[in-house]
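Notes for the one structure printed next.
Every heavy atom of this structure was used, including side-chain atoms; hydrogens, water molecules and symmetry mates were not. On a predicted model such as this, the values are computed, not experimentally measured, just so you know.
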Amino acid sequence: MTIKIYNVLTRQKEAFRPIQEGRVNIYVCGPTVYDYSHIGHAKTYGNFDVIVRYLRYRGYDVLYVQNITDVGHLLDSGEDRILRKARQTQSTPMQIVERYTKLYFDNMDALGVQRPDISPRASGHIPEQIEMIQQLLREEHAYVVNGSVYFDVSSYPEYGKLSGRRVEDQEEGTREAVRSEKNHPADFALWKKAEPEHIMRWNSPWGEGFPGWHIECSAMARKYLGETFDIHGGGIDNIFPHNECEIAQSECAHHGATFANYWMLVGSLTLDGVKMSKSLGNTLTLAEALERWRPEAIRAFILSSHYSNPIDFSDVAVESAEKGWQRIWGAVSLVRNRLHDAPDGEVDADILTWLETYKAAFIEKMDDDFNAPAAIGVLQEMTRKVNSTLAENAALSSGTLTAIDQIYRELGGDVLGIVPDSAEAGSADAEREAGLIRVLIDIRAAARANRDWATSDRIRDRLAELGVTLKDGKDGTTWTVS
RNA sequence: GGCGACGUAGCCAAGUGGUAAGGCAGCGGUCUGCAAAACCGCUAUUCACCGGUUCGAAUCCGGUCGUCGCCUCCA
């Protein structure tokens, strides 16, 4: 069994073959840290989180690099995003960068997105970028004008191969073309001369300036992953021009060596059917979303559609994903709670057999281009089976319950990140809590036997206030923690 | 105008040649003091539309209509 990946570069699903057996080098374009993270970031980085988790689950040694853009990303006006924010808030650019970088990681941590192995910053790699630009100049892929350096797109005939765009087809941007010092409108900046008011500036062979937006990814990918690496990821909205420019720079600097073997681009997220944009005012920050929904619900929603497809964020959509997730979580917590007073015993062979069948089905779905929505479908089917088994057998052995819990931990927890680690059986606190709840359930059972519904309901209501839900079944009362 | 996606039940969604996963919502049932949950059953003869290829198509080809993204900063 090999993993198949839809490669945007070839527009085909291909068997994944890493350059080095057992090892995956992956680079994903990270955020520009000039404002709060929004739910679009949650989709892009949440999707790659699951991709990386799965590769690791399948035994690959993954090196995951995701940059932090903290310089060079300009607005329409030609103004640097970070500088503008700094001016607006009367702070320094690096304060802005620190603030939003920290918030980005805080939000991603809260979402359960595992950190990349390396989060290189553009501003920390100016020498590497200058070196690459010098090389491009030396080899006549770039030219200098008035202290700025531009990449000569005509020197790279394959420009456009990722996005399927051809230079001739592009509409010429009027504003830029008019005042441009570029030889051709499609040429892009590698290095920009800093105007006097531009305070983020560095010395270079061409005078004081700052790097263009695209060069950081090429320089940092080369530094940490080598000239050719396995997977390059990002949001589809960066396919042009950003990703295209990265390829051009890197492949020219590397004398034609392929930049990345596989390109995986994540579909965009819309909010209530419309693209989020500051000008429309329909933005939702990740922090706001996390206040309204638990992280697992947001993850379940993000994973409800294939990573490469667009997805529309709405209250109704997240809530229905959350309800679906609750069914899985309900089964998991039931298993874990029953583990507290389950009879000792080995795992039941029949149950282990069908657990393994679901696991194999899950892996088959994920192997096929990381089809998380289909994999969740498998988990849902398994959950139906688990729930009915739980209902039919009041005394499942600890071995069996542990085996069920284990498969949820692996597939739902380690891979998808939607099954939390809580209620760890065996910890002293958890055991005590389970025991205390059990005492209350026993008292309540006695009250119910006396048809003392007031006491019975009081215990249930008070526990509910503490987040413990009691459920009366045929074989007694069970409980879950929300 | 150019490039690229997409159009599957009330909603979301998987499915790229072999006869429609899964979730949400809904209906009926089991269980139940009530509640909640869970479980069982039902809910697309059909995959935007029209042609074509094929023994056979949601899946391939051609066309039509519609939605969206990108082409300028965006994950």
Indicate for each nucleotide in nucleotides 8-14 of chain B, in 5' to 3' sequence, whether protein heavy atoms under 4.0 Å reach the base (B), only the sugar-phosphate (S), or nothing (-).
-----SS
Test salt bridge (charged side-chain N to carboxylate O under 4.0 Å, His left out) applied to A:Glu410 - qualifying residues, sequence neighbours left out
A:Lys359
Quick note, A:Glu381 side chain, CB onward, closest among B:G69, B:A5, B:A21 is B:A21
Listed partners of A:Arg338 passing salt bridge (charged side-chain N to carboxylate O under 4.0 Å, His left out), at least two apart:
none
Mind checking salt bridge (charged side-chain N to carboxylate O under 4.0 Å, His left out) for A:Glu158 and listing every partner two or more places apart, or none if nothing turns up?
A:Lys161
Go through the structure and list residues passing side chain to side chain contact (heavy atoms under 4.5 Å, CB included) with A:Ala15, not counting sequence neighbours.
A:Thr2, A:Arg17
Mind checking the P distance from B:C11 to B:G26? Whole angstroms is fine.
15 Å
By side chain to side chain contact (heavy atoms under 4.5 Å, CB included) - contacts of A:Thr455 (at least two apart)
A:Ala447, A:Asp452, A:Ile459
Please list, chain by chain and in numerical order, all residues satisfying salt bridge (charged side-chain N to carboxylate O under 4.0 Å, His left out) with A:Arg87, sequence neighbours excluded.
A:Glu79
For a quick check of understanding: with a heavy-atom distance under 4.0 Å over all strands, which category does A:Gly30 fall into, base, sugar-phosphate or nothing?
sugar-phosphate
With A:Thr270 via side chain to side chain contact (heavy atoms under 4.5 Å, CB included) - residues at least two apart:
A:Asp312
The contact string for nucleotides 28-39 of chain B, one letter per nucleotide 5' to 3', using protein heavy atoms under 4.0 Å with B, S and - for base, sugar-phosphate only and none, comes out as -----BBBBSSS
Can you pull every protein N or O that's under 3.5 Å from an N or O on nucleotides 41-44 of chain B?
none

Please work out whether the ring planes of A:Phe259 and A:His232 are parallel, tilted or perpendicular, with thresholds of 30° and 60°.
tilted
Toward the 5' end of RNA chain B, which comes first, A:Asp368 or A:Tyr6, by nearest nucleotide?
A:Tyr6
Does any pair with a residue in residues 42-55 of chain A pass side chain to side chain donor-acceptor pair (under 3.5 Å), and if so which ones, sequence neighbours excluded?
A:Lys43-A:Asn47, A:Asp49-A:Arg53, A:Asp49-A:Arg299, A:Tyr54-A:Arg58, A:Tyr54-A:Asp367
Got a sec, which residues hit side chain to side chain contact (heavy atoms under 4.5 Å, CB included) with A:Thr477, two or more places apart in sequence or on another chain?
A:Ile441, A:Arg444, A:Arg448, A:Leu470, A:Asp472
